Number of protein chains: 2
Amino acid sequence: MGSTGGRRERLRAETTAEIKQVALKLMASDGPDAITLRAIAREMGMTANAIYGYFATRDDLVTTLIKEVYTALADAVDTAWAGTPAAPPAERIQTWAHAFRDWALANPEGFRLIYGDPVPGYLAPEGGAAPDAAHRVCTGIAGLADAAWPHAEHLYAHSAFEWSDFDGALLDEIRPAFPGLPPAGVALALRIWGRLHGLVSLEIYGHLRTQTVSPGKLFQEELAQLVRSLGIEPEDT
Amino acid sequence: MGSTGGRRERLRAETTAEIKQVALKLMASDGPDAITLRAIAREMGMTANAIYGYFATRDDLVTTLIKEVYTALADAVDTAWAGTPAAPPAERIQTWAHAFRDWALANPEGFRLIYGDPVPGYLAPEGGAAPDAAHRVCTGIAGLADAAWPHAEHLYAHSAFEWSDFDGALLDEIRPAFPGLPPAGVALALRIWGRLHGLVSLEIYGHLRTQTVSPGKLFQEELAQLVRSLGIEPEDT
DNA sequence: ATAGAAACTTCACGGCGTATAGTTTGCTCA
DNA sequence: TGAGCAAACTATACGCCGTGAAGTTTCTAT
């Protein structure tokens, strides 16, 4: 039988990895539009059709890339969060947010790939391209909300949210991780998420460029206000 | 001389309008990817190349569409704002925000056209595709900030913003319109903008679908908190 | 050694944007 | 009125794209 570790399989895995890597390189250098089977194949000295042996379709390849890039983003913010276990909540939240923005600025194409309509005719599969990574990021933010919850709870007393308002798979991750966080806290997490995403998204897509020359300062100030709105006082400067 | 109102010019204007209208129809029915010169021409019983008589390039057409759609969005929110001249600030702001979200939900393709990478290889021209409309929307939000400023001012006392942080053309619109609004107020406007944009953008691109089944409720709650963070108490319900 | 599977190529089709060149149409002015 | 001209439009072609079908090579398991 074709046992694990056979030469055939190893080559196959290597080629698969090379396809993805070349695709990411093309995306980084020439934008998401450059992710074409023919360009990848050209770069690899192959025929475009050879790629069909590894990915059923171009959209399949793109979906895989999205999963990979999204996971990288999730890793980046999780690492930032894990790096400040003992810091006060305000500082932890700002660290997380800056990790998010920094990643986006360092990987603008990746950000577009994840959060936009990145590639010509690409149609995301049922339920989103990378629900797992999306949940990881969201769970990360739930961590922010959980850290702030003792201070913020009284501000969100009459929230209309119930568990049934949320996606089950998401709750399966969040509820065990943060048993003290009620529905209002999860909603708070999503709203924080929207807030951070909003400014970064405007910046990455260039919609702030026509308005301010200091997007970083704007983000900084928004963060300070966000922290304040959580009932925590931000540190100065 | 070919005086104004000549038959030639009228036909030309009609054809130009039809091209744009067909393009918008295709976008609405089949998504932004459907905006191809060949498809438009097919629909009009013409050759794709005939369109080059009206638009220098496909990207030119797309830029024109973006301007048009962006203007429609600006009209929608301006109308909502103008419709509640005497209401309390909290209500006006919520009306504006709902007009924005409702427009986005009713014109998701238009939203993507404006705020995403909408069409295959489209590259926005220098300075953005529609800086005028972008400034109009931003000026509208400055109106929100201006309305809230008397209540909110003390919250943003030590803002680090100065006039030089903003785009000159934007300030040319905002400063005369809201002479009482300092740099910190303009920054507040941009941050409000990012906040509203963030949730709507996540919703339109389907990134909330994997997390909550009640995006409207989430938006509602974010709005209530936004108004509260401006120093105004939101109405109940 | 050989049958078969896997990897890869070749060829083909239709769709895309757009450059070039040619044709028709309608207006203007002598 | 008719000659000339410009605008509107078509035809053809090129090089991209994704992808299907069929053929060829190469490796592997028996």
Side-chain angles (χ1 to χ4, degrees), chain A residues 1-20 22-23 26-27 29-65 117-125, chain B residues 1-20 22-23 26-27 29-65 117-125:
Chain A
M1 60 166 195
S3 75
T4 317
R7 183 173 132 77
R8 208 72 176 261
E9 279 103 285
R10 199 180 56 248
L11 283 180
R12 183 176 180 77
E14 277 168 13
T15 305
T16 307
E18 190 185 354
I19 291 172
K20 292 189 287 189
V22 168
L26 285 172
M27 180 185 73
S29 64
D30 298 343
D33 298 350
I35 304 179
T36 71
L37 298 185
R38 292 180 127 105
I40 295 167
R42 216 178 294 128
E43 197 86 3
M44 295 176 65
M46 285 176 34
T47 310
N49 276 348
I51 299 181
Y52 282 90
Y54 299 87
F55 297 93
T57 189
R58 190 205 57 151
D59 280 12
D60 260 39
L61 169 59
V62 172
T63 298
T64 303
L65 292 178
D117 289 322
V119 183
Y122 176 72
L123 197 70
Chain B
M1 61 169 195
S3 74
T4 318
R7 188 173 129 77
R8 208 75 177 258
E9 279 103 283
R10 201 179 55 249
L11 283 180
R12 183 176 179 76
E14 277 168 14
T15 306
T16 307
E18 191 186 352
I19 292 171
K20 291 190 288 188
V22 168
L26 285 171
M27 180 185 72
S29 64
D30 299 342
D33 298 348
I35 304 179
T36 70
L37 299 185
R38 292 179 126 104
I40 295 167
R42 214 179 295 129
E43 196 86 3
M44 295 176 65
M46 286 175 32
T47 310
N49 276 351
I51 299 181
Y52 282 90
Y54 300 87
F55 297 93
T57 190
R58 189 204 57 151
D59 281 12
D60 259 38
L61 170 58
V62 172
T63 298
T64 303
L65 293 177
D117 288 322
V119 182
Y122 176 72
L123 197 70

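To find a chain, count down the sequence lines: A is the first, B the second, and so on, and within it residues start at 1. Predicted, not measured: the structure shown is a model, and the values here were computed from it.
B:L61 has its CG atom 14 Å from the P atom of C:dC16, to the nearest Å. For the pair B:E14 CD and D:dC9 P, the computed distance is 12 Å after rounding to whole Å. Between B:E18 atom CD and D:dA8 atom C1' the separation is 14 Å, expressed in whole Å. Rounded to an integer number of Å, the gap from CG of A:D33 to P of C:dG17 is 13 Å. Regarding B:D59, its CG atom lies at a distance of 7 Å from the P atom of C:dT18, rounded to whole Å. Rounding to whole angstrom units, CZ of residue A:R58 and C1' of D:dT19 are separated by 11 Å. Counting to the nearest Å, the P atom of D:dC16 and the CD1 atom of A:I40 are 16 Å from each other. When rounded to the nearest whole Å, the span between CG of A:L37 and P of C:dG15 equals 19 Å.
A distance of 5.0 Å separates CG in A:L61 from CD1 in A:I40, rounded to the nearest 0.5 Å. Distance check, rounded to the nearest 0.5 Å: CD1 of B:I19 to CE of B:M46 gives 5.5 Å. A distance of 11.0 Å separates CG in B:L65 from CG in B:D59, rounded to the nearest 0.5 Å.
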Shorter than 3.5 Å, N or O on both sides, protein versus nucleotides 5-9 of chain C: list them out with atom names.
from: C:dA7; atom 1: OP1; to: A:R12; atom 2: NH1; distance (Å): 3.0
from: C:dA7; atom 1: OP2; to: A:R12; atom 2: NH1; distance (Å): 2.9
from: C:dC8; atom 1: OP2; to: A:Y54; atom 2: OH; distance (Å): 2.4
from: C:dT9; atom 1: OP2; to: A:T47; atom 2: N; distance (Å): 2.9
from: C:dT9; atom 1: OP2; to: A:T47; atom 2: OG1; distance (Å): 2.8
from: C:dT9; atom 1: O5'; to: A:T47; atom 2: OG1; distance (Å): 3.2

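Residue A:T57 places no side-chain N or O under 4.0 Å from the OP1 or OP2 atom of D:dG18. Between B:R42 and C:dC16 there is a side-chain N or O to OP1 or OP2 distance below 4.0 Å.
Judged by distance alone, the side chain of B:T47 and the main-chain N or O of B:A50 form no donor-acceptor pair under 3.5 Å.
Considering every non-hydrogen atom in both A:T36 and A:D33, the closest pair reads CG2-O, 3.7 Å.
Scored by the side-chain contact (heavy atoms from CB on, under 4.5 Å) test, A:A48 finds A:L37, A:R38, A:A41 as partners (sequence neighbours excluded). Evaluation of the side-chain contact (heavy atoms from CB on, under 4.5 Å) rule for A:T16 yields A:R12, A:K20, A:Y54, A:F55 as partners, not counting sequence neighbours.
Out of C:dC16, C:dT18, D:dG18, the shortest distance to the side chain of B:T36 is found at C:dC16.
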